[in-house]
Every structure is written in structure tokens, then in C-alpha cells.
> 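I am attaching a structure below and will ask some questions about it afterwards.
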Amino acid sequence: MKVGILKDIKNGEYRVIATPAEVSALVADGHEILVQKSAGEGAGFPDEKYVAEGAKLVDTMEEIYGQCDFVTKVKEFEPIEYKLLRENQIVFTCIHPAAHPDEVQALLDSKCIAFTAEDCHRYGSPNCEAAGKQGALMGLYALLSINGGKGKCVNGLGGAPGVRALVVGGGTVGRACASILHSLGARVTVMDINIGTLRDIGRQFNEEVDTEISNRYNLTQILPHTDVVYNCVKWPKTAKEFMITREMVRSMEKGSAIVDISNDYGCIETFHETTHADPMYIEEGVVHYCVSNIPGAISQSTSIAYAASVLPHFRSILNNGVAKACAKDGYLRRSLTAYKGYLTHEETSALQNRPWIRPEDILGIANEKLDPAPAATVTKSDNFIKL
């Protein structure tokens, strides 16, 4: 099969979906690999490294879309790419479909086969780990006086206390964030709604971090005494209230910081998305760092880890076909978003009021032995397509 590796065009994005190592593996499987020129340069992988592993370089994304059966990149599709999608073409990237109705419509109109990468990770996304770890450092940077912060040293100085950090959310992102803060000597509290998760975190850090149940009361009590807050919660898109209101932000000391790693509208009332080019703003006296693609700042490390994690999916799809690959791996199956004009993503169906069909039904594998996987979200939809 002919595989195309695109250069990402999102503002501030330097990652690449496949490094020369993955190209080498796919070429060994017998596939032809086309790489858009300079696709990996932002992550430290020059064109000649790809050529040395058997890839062919092409100049434009139009050539990739026009020639390749399987097209992949890191971030969601930009509007200029919509018209380039083709019927039966397999595309694999971070689509975030529930939040992007126009993008979903383009996928359906093209009748391509689309996988949303963020739902395919059995052991948690390397992007989440990267966002948590680098986000921790960005919060400490936001606290510096030169950025409008209160100017605290992470682990303190003789006679001066260190940073009091609050991590909300104990998943892959939150644990990664806490690991950096803890290792640097910050006073860390982790909040989550699951007491089992909090016990695990306590053990992970040898009971050297504090843990609390995440609720409105506890947040209200701790925020006035917190220097930097990290939002690592995947906030339900159907939520009717904010986790942190404007009033709660106002209760924090002037020069404190908020890092919204999750970047979900509706979670923190003072949030709006920023970019690496203009990452911070001050609202209610608090420095906000709300960059949507934090992992892009550590593009080489993230590209290496992320590419290695998705390579097995690439090889399974390319070598076995979509249906068999989805039967063998439930996490890949749940990430199928659109199939030849049919929506196959439950959360998107619920939030955009679109009819959908289960991947196993549209692929004709419902009666086969399927690898199980939990649902990607708690959002449910019974708005089914009748075939």
C-alpha cells in the first residue's frame, strides 16, 4: 500500500507522526512511503534520514493526498485539507471529532475511512504524558515575575517556601504533571473524583504528595492558597457548570498561574485557547497558560514516543485491512470515526446530534471474536443509523 506522511501545518506544531524508524519498518513490510519534504525537520529528522530508510520525498500535501491510500499526520485536519480527502482513503490523525463539526462533515462528505488517534491508545497517549510533563514546566515559567507571575522558585530558597501546586485530574496527564513537580521539589496536591486513583497516586509518590477528592468545596478551600493550578481533567462536553468559576479564579493570589493542559471549553470560566506564539494572558490577576498543543514544544521526544505507539496500528491496518485490524484491537476499533460516509463515533453522534453506526456493524465483524475495549468516553448515543 502507498503511505503518505504529511508535514503538519497547525500553528506552532513541530511534531511528525512517523520518524525514520517507523518508515524503515513499513518499507520492510513492503509498503511504499511518501514523505512530504521537511515533515520531520521541526522534530530533528531531516529529509535525508527518511530517504536513507527507503522513503520518497514529495513537495506538497496535494501530492500526498492525491497518490496515497493511507495518509497520516499528528493534528486535526485544517479547512484547506478538506477538499483533498478522497473516497476509500484511510486517514489517521488526532481529529477531536466531537468538537469539530465542520471537520466531521468533510470526512463524511469525502467518504474516506478516518481514525481519530486520541482514542486508540491502550496504555495512554504519549501525547498526554508529554503534555503533562511539559505543562508542569510551563506553569513554573508562567509563575516568573517576567511573565506577570508572583515570582516563586519551585523548591524554594533558604527562608523562602517553594511553590504550592494543585494538579486536578489523576489520569495519564495529571500523573505525568505531578511527577515533574514532585521531582523538582514543589508542594504538590493531586485532586481526582476517584479515591482508588488517589490511593494509587499516593503509593506512586511514596505518600509525598497530598491527595484530595475533587469537588467544588475542596477547590474553593484550596485555591486561595495555591500558586499554580494544572487542569488535567477531560471535562464532559455536556457539563452545565464550570469546574473552576471566575469567582474562584479571583480568589487566588495575584500573580498565581493556571495551566489548562486539557484545553476543554466549559471547565475553567476564564479559559481561552492560546498558541506557542502568544501563550499567556492575565485575567483576574492570574496568569493563564492555555496552549492547545503543549507537546509541540518538545517535538523530538514526543514524536519518537508517539510514532512508536501508533506504528502497531499502522502495520495492522496496512497488512491486515481495516476490518481485521479493528477486530484484533478494540482500541483501534473504538477510534474509527468515519467509514465511507457513515459516522462511527458515539461521542460525536451524541454531541452533534448526528446518527451513527457501531464500527463492528459497518465493518461486518459484529459476530466475530472481538478484542474488547472500554468506551472512549462516558457519552452515549442511541441515535443509530438503520442500514
Side-chain angles (χ1 to χ4, degrees), residues 8-11 65 71-121 125 127-128 171 231 233-243 260-269 271-273 290 292-293 322 326 330-363 366 373-387:
D8 271 80
I9 58 176
K10 184 181 176 81
N11 182 21
Y65 280 108
V71 174
T72 184
K73 64 173 191 165
V74 175
K75 293 300 289 181
E76 62 269 12
F77 297 104
E78 298 290 334
I80 62 171
E81 297 175 88
Y82 294 170
K83 66 180 183 299
L84 301 176
L85 296 163
R86 295 188 290 107
E87 186 172 359
N88 295 326
Q89 189 172 58
I90 303 169
V91 294
F92 188 108
T93 190
C94 289
I95 299 171
H96 304 291
H100 295 97
D102 291 344
E103 185 181 21
V104 171
Q105 192 59 53
L107 294 171
L108 296 175
D109 289 344
S110 72
K111 296 185 178 181
C112 72
I113 300 166
F115 289 91
T116 186
E118 63 269 22
D119 288 342
C120 79
H121 302 286
S125 171
N127 285 322
C128 291
N231 176 30
V233 174
K234 187 171 184 179
W235 195 243
K237 295 179 176 63
T238 54
K240 302 300 183 185
E241 59 182 19
F242 296 103
M243 182 180 75
D260 198 333
I261 299 176
S262 292
N263 249 242
D264 284 332
Y265 281 96
C267 188
I268 298 176
E269 190 169 4
F271 162 84
H272 68 256
E273 184 178 342
C290 302
S292 62
N293 60 328
V322 170
C326 286
Y331 285 81
L332 181 63
R333 185 171 67 253
R334 77 179 193 181
S335 73
L336 186 67
T337 299
Y339 186 83
K340 300 183 181 182
Y342 292 92
L343 180 67
T344 54
H345 196 260
E346 184 172 17
E347 183 186 33
T348 301
S349 168
L351 297 181
Q352 296 181 17
N353 194 28
R354 295 177 186 263
W356 77 297
I357 185 168
R358 298 188 311 161
E360 53 266 41
D361 292 330
I362 193 69
L363 294 173
T377 72
V378 298
T379 307
K380 300 298 181 184
S381 172
D382 58 3
N383 184 7
F384 290 110
I385 296 170
K386 303 293 193 296
L387 290 180

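Keep in mind it's a predicted model, so treat the numbers as computed, not measured.
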> Go through it in stages, so that I can follow the logic: the residues are Asn231 and Phe271, the test is side-chain contact (heavy atoms from CB on, under 4.5 Å), and I'd like the CA-CA distance, side-chain angles, deciding distance and then a yes or no.
CA-CA 11 Å; Asn231 176 30; Phe271 162 84; over 6 Å; no
> CG of Leu85 to CD of Glu87: how many Å apart, nearest 0.5 Å?
12.0 Å
> Going by side chain to side chain donor-acceptor pair (under 3.5 Å), name the residues that satisfy it together with Ser292, two or more places apart in sequence or in a different chain.
Glu273
> Determine yes or no for a side-chain-to-main-chain donor-acceptor pair under 3.5 angstrom, with Gln352 supplying the side chain and Ala98 the backbone.
yes
> State, yes or no, whether a side-chain contact exists between Phe115 and Cys326 at a heavy-atom distance under 4.5 Å.
yes
> Going by the rule side chain to side chain donor-acceptor pair (under 3.5 Å), which residues pair with Arg86 if we only count those two or more places apart in sequence or in a different chain?
none
> What pair of heavy atoms forms the shortest contact from Ile95 to Ala114, and how long is it?
CD1-CB, 4.0 Å
> Which side chain to side chain donor-acceptor pair (under 3.5 Å) pairs, counting each pair once, include a residue from residues 71-83, with sequence neighbours left out?
Lys10-Glu76, Tyr65-Glu81, Lys73-Glu81
> Measure the CG-CG distance between Asn11 and Asn293 for me, rounded to the nearest 0.5 Å.
8.0 Å
> To the closest 0.5 Å, what do you measure between NE2 (His345) and CD1 (Ile357)?
15.5 Å
> Quick check against the 3.5 Å criterion: does Asp119 have a side-chain atom that pairs as donor or acceptor with the backbone of Ala376?
no
> Distance only, no hydrogens: is a donor on one side chain within 3.5 Å (strictly under) of an acceptor on the other, for His121 and Asn127?
no
> Looking only at heavy atoms, which two atoms of Glu118 and Thr93 are closest? And how far apart?
OE1-O, 4.2 Å
> For a quick test of reading the model, state the closest non-hydrogen atom pair linking Ala338 to Leu108 and the distance between them.
CB-CD2, 4.0 Å
> Answer yes or no: is there a donor N or O on one side and an acceptor on the other, between the side chain of Gln89 and the main chain of Val71, under 3.5 Å?
no
> Can a donor-acceptor pair be found, under 3.5 Å and without considering hydrogens, that links the side chain of Trp235 to the backbone of Gly266?
yes
> Could you pull out all residues at least two apart from Tyr342 that satisfy side chain to side chain donor-acceptor pair (under 3.5 Å)?
none
> Who are the salt bridge (charged side-chain N to carboxylate O under 4.0 Å, His left out) partners of Glu346, not counting sequence neighbours?
none
> Check ring-ring contact (aromatic ring centres under 6.0 Å, His included) between Tyr331 and all other residues, then give those that pass, not counting sequence neighbours.
none
> Taking only residues two or more places apart in sequence, or in another chain, which ones meet Asp361 in a salt bridge (charged side-chain N to carboxylate O under 4.0 Å, His left out)?
Arg358
> Please identify each residue that fulfils side chain to side chain donor-acceptor pair (under 3.5 Å) with Ser335, with sequence neighbours left out.
none
> Test of understanding: with ring-ring contact (aromatic ring centres under 6.0 Å, His included), list the residues that count as partners of Phe92, not counting sequence neighbours.
Phe314
> Can any side-chain N or O of Ser110 pair as donor or acceptor with the backbone N or O of Cys112 at less than 3.5 Å?
yes
> If every non-hydrogen atom of Pro97 is compared with every non-hydrogen atom of Val104, which pair is closest and at what distance?
O-CG2, 3.4 Å
> Heavy atoms, side chains only, cut-off 4.5 Å: are Asn88 and Lys111 in contact?
no
> Distance from Thr377 atom OG1 to Lys234 atom NZ, nearest 0.5 Å?
6.0 Å
> Of all heavy-atom pairs between Leu343 and Thr337, which one has the smallest distance, and what is that distance?
CD1-O, 3.4 Å
> Donor-acceptor pairs under 3.5 Å, side chain of residues 378-387 to any protein atom, not counting sequence neighbours: which ones?
residue : atom : partner : partner atom : Å
Ser381  : OG   : Ser349  : OG           : 2.7
Ser381  : OG   : Asn383  : N            : 3.2
Asn383  : ND2  : Arg354  : O            : 3.4

> Find the distance between NE2 (His272) and CG (Asp260) and round it off to the nearest 0.5 Å.
11.5 Å
> With sequence neighbours left out, write down each residue that passes ring-ring contact (aromatic ring centres under 6.0 Å, His included) with His96, or none if nothing qualifies.
none
> Are side-chain heavy atoms of Tyr339 and Leu363 found at a separation under 4.5 Å?
yes
> Can you see which heavy atom on Ile9 is nearest to which on Ile80, and at what distance?
CD1-CD1, 3.8 Å
> Looking at Thr344 and Pro359, would you say the former's side chain and the latter's main chain have a donor-acceptor pair under 3.5 Å?
no
> Applying ring-ring contact (aromatic ring centres under 6.0 Å, His included), name anything that partners His100, two or more places apart in sequence or on another chain.
none
